[in-house]
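See structure below.
Note that ligands are numbered from 1 as they come in the structure, with each ligand's atoms numbered from 1 the same way. Along the sequence shown, residues are numbered consecutively beginning with 1.
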Amino acid sequence: MFSFRARVFAAFVVLAAAAIVAMIAEDSSPAVIIVVVALLLIGGALLLAAISSIAGSARVMAGASREIAEGQFTVRLDGGPSDEFGDAYGEFNRMAARLESLVAETSQERSRLTAAINSSPDAVVALDSESTITFASAAVRDLLGQTPEEIVGHPFVWMMPDAEVIEGLHASSERGESSSYVIERPNRRFLRAIITPIVGGGAWSSLVVFHDMTDVKRVEQVRRDFVANVSHELRTPLAAIKSVIDTLVEGGALEDPPVARDFLQRADGEVERLVQMVEELLELSRIESGELSMTREPVDVTIAVGSAADRLKPQAERAGVKLSLDSAEQLPFVTGDRTSLERAIVNLINNAIKFTNAGGSVRVSAQPSDGGVLIEVSDTGTGIEPQDLPRVFERFFKADRARRAGGTGLGLALVKHTAEAHGGHVEAKSSLGQGSTFRMWLPAAR
Ligand code: ADP
């Protein structure tokens with residue numbers, strides 16, 4: 001159809017014609033008046049049509065712009081007029097399409113960033129200059145026990161009223177300083193809070209990242225306990241040896257050979273205990289560091305169990321404890337180090353005899369089980385307090401009542417590490433005053 005400009009031009013031509021007719025007419029005959037009025041009407045109608053077509057197109061574009069402003073980026077204008085506004089419709093649609101793809105790209109980028117931050121085990125919290133939480137990543141649930149929805153929009157101090165951290169936040173937002181603190185949370189949980197100012201973050205002014213330090217702290221504690229335990233355990237026999245030597249030197253016992261022999265025997269017992277402890281410690285650390293070059297040979301468990309029981313028979317007899325052995329005839333072989341396996345079994349039987357009073361009994365058995373061999377040592381001895389039971393495999397653990405039995409507290413730790421180094425596991429069951437059962441399972445050789 002006609003363009004907007006052509007229509008306006010036509011309207012002006014008709015209006016100009018009306019003016020010319022009115023000017024050149026010599027009289028005001030009705031015919032002249034009719035022609036002028038008709039031309040005016042036609043010109044006015046043409047102008048009105050042209051203006052209303054612009055107004056219609058402008059209305060349609062305004063409506064579409066409003067929808068885009070409200071976030072409906074899929075809006076497009078179709079069936080545009082064939083005049084100049086047809087081109088404007090096309091440009092508008094191109095702009096809307098570009099806007100839609102820009103917004104989609106931005107929101108995809110944002111989702112990726114949020115997903116990456118939410119996948120981190122560290123909790124990330126963003127704050128505005130008033131220290132109000134404006135963003136919190138998913139890990140706050142695990143580390144701080146609150147969901148992001150619960151804390152966003154609330155002051156940081158509500159979530160963590162820790163004076164040091166609050167002070168760090170002020171330093172960050174006012175002086176742009178970074179800081180880091182270790183804070184203790186309920187249930188002996190430790191978090192490192194790292195506070196950094198956000199540069200160019202608009203309303204976001206500080207970032208706090210919480211990193212779980214519980215495991216690191218636990219390892220530090222275990223190391224400290226270990227050093228304390230070793231020192232304590234070494235001090236006792238060393239003090240005993242020192243007092244024997246002092247008595248011998250100063251007390252004149254050297255002049256009395258039977259007394260001197262008795263003192264030296266006592267010192268010898270303590271030295272033996274020290275040597276055993278140091279050997280067990282070395283063995284433990286070698287197994288743990290994977291340094292122990294364990295022979296990988298087929299081991300007949302029936303023989304290993306029988307030989308361990310034989311070695312301890314005299315000790316059981318001395319203690320008045322009945323030691324019985326009950327092994328299956330056909331046991332699968334296991335792959336490993338015969339010496340360390342036998343030492344582990346000796347440790348279990350030795351404990352069973354040590355913690356069983358005269359008249360009691362110790363039963364040792366080995367049976368095929370679950371694709372491997374189950375070695376079981378049960379006694380009718382003192383039993384273990386329920387609160388001590390989960391700790392018996394820890395290094396240096398000795399139940400209070402067992403202290404006088406004079407062990408090192410390392411035997412069961414060695415048993416556990418030996419079993420695990422062979423791909424097996426251990427467990428203990430006990431009922432106080434009735435006895436205990438220790439089980440060691442080892443996988444069969446392939
Ligand atoms: P220890 O050298 O003290 O025997 P272990 O590591 O072998 O060290 O044992 C750790 C602790 O476990 C013992 O001190 C004792 O309290 C407890 N325990 C181990 N075996 C038995 C058992 N058969 N009966 C009762 N208590 C036991």
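At distances below 3.5 Å, not a single donor-acceptor pair connects side-chain atoms of D370 with backbone N or O atoms of G372. Of the possible donor and acceptor atoms, one in the side chain of T134 sits under 3.5 Å from a partner among the backbone N and O of A126.
The shortest N/O to N/O separation between G383 and ligand 1 does not fall below 3.5 Å. Residue contacts with ligand 1: V392 is placed with no nitrogen or oxygen under 3.5 Å of a nitrogen or oxygen of the ligand (distance criterion only). On a distance-only criterion, N351 and ligand 1 share at least one N/O pair closer than 3.5 Å. Close N/O approach between A413 and ligand 1 is not found [any backbone or side-chain N/O within under 3.5 Å].
Of the charged side-chain nitrogens involved, none lies within less than 4.0 Å of a carboxylate oxygen, so that K217 and E184 do not count as a salt-bridged pair. Looking at E280 and R343, no side-chain N of the basic residue comes within less than 4.0 Å of a carboxylate O on the acidic one, giving no salt bridge.
Of all the heavy atoms of I384, the ones lying under 4.0 Å from any atom of ligand 1 belong exclusively to the side chain. When non-hydrogen atoms are compared, ligand 1 lies under 4.0 Å from the side chain of S436 (C-beta onward) but not from its backbone. The residue F393 has no part lying near ligand 1, judged by heavy-atom distances below 4.0 Å. When heavy-atom distances to ligand 1 are checked against a 4.0 Å cut-off, D379 comes that close only through its side chain, counted from C-beta outward.
Under the 6.0 Å distance and 45° angle rule, R266 counts as a cation-pi partner of F263.
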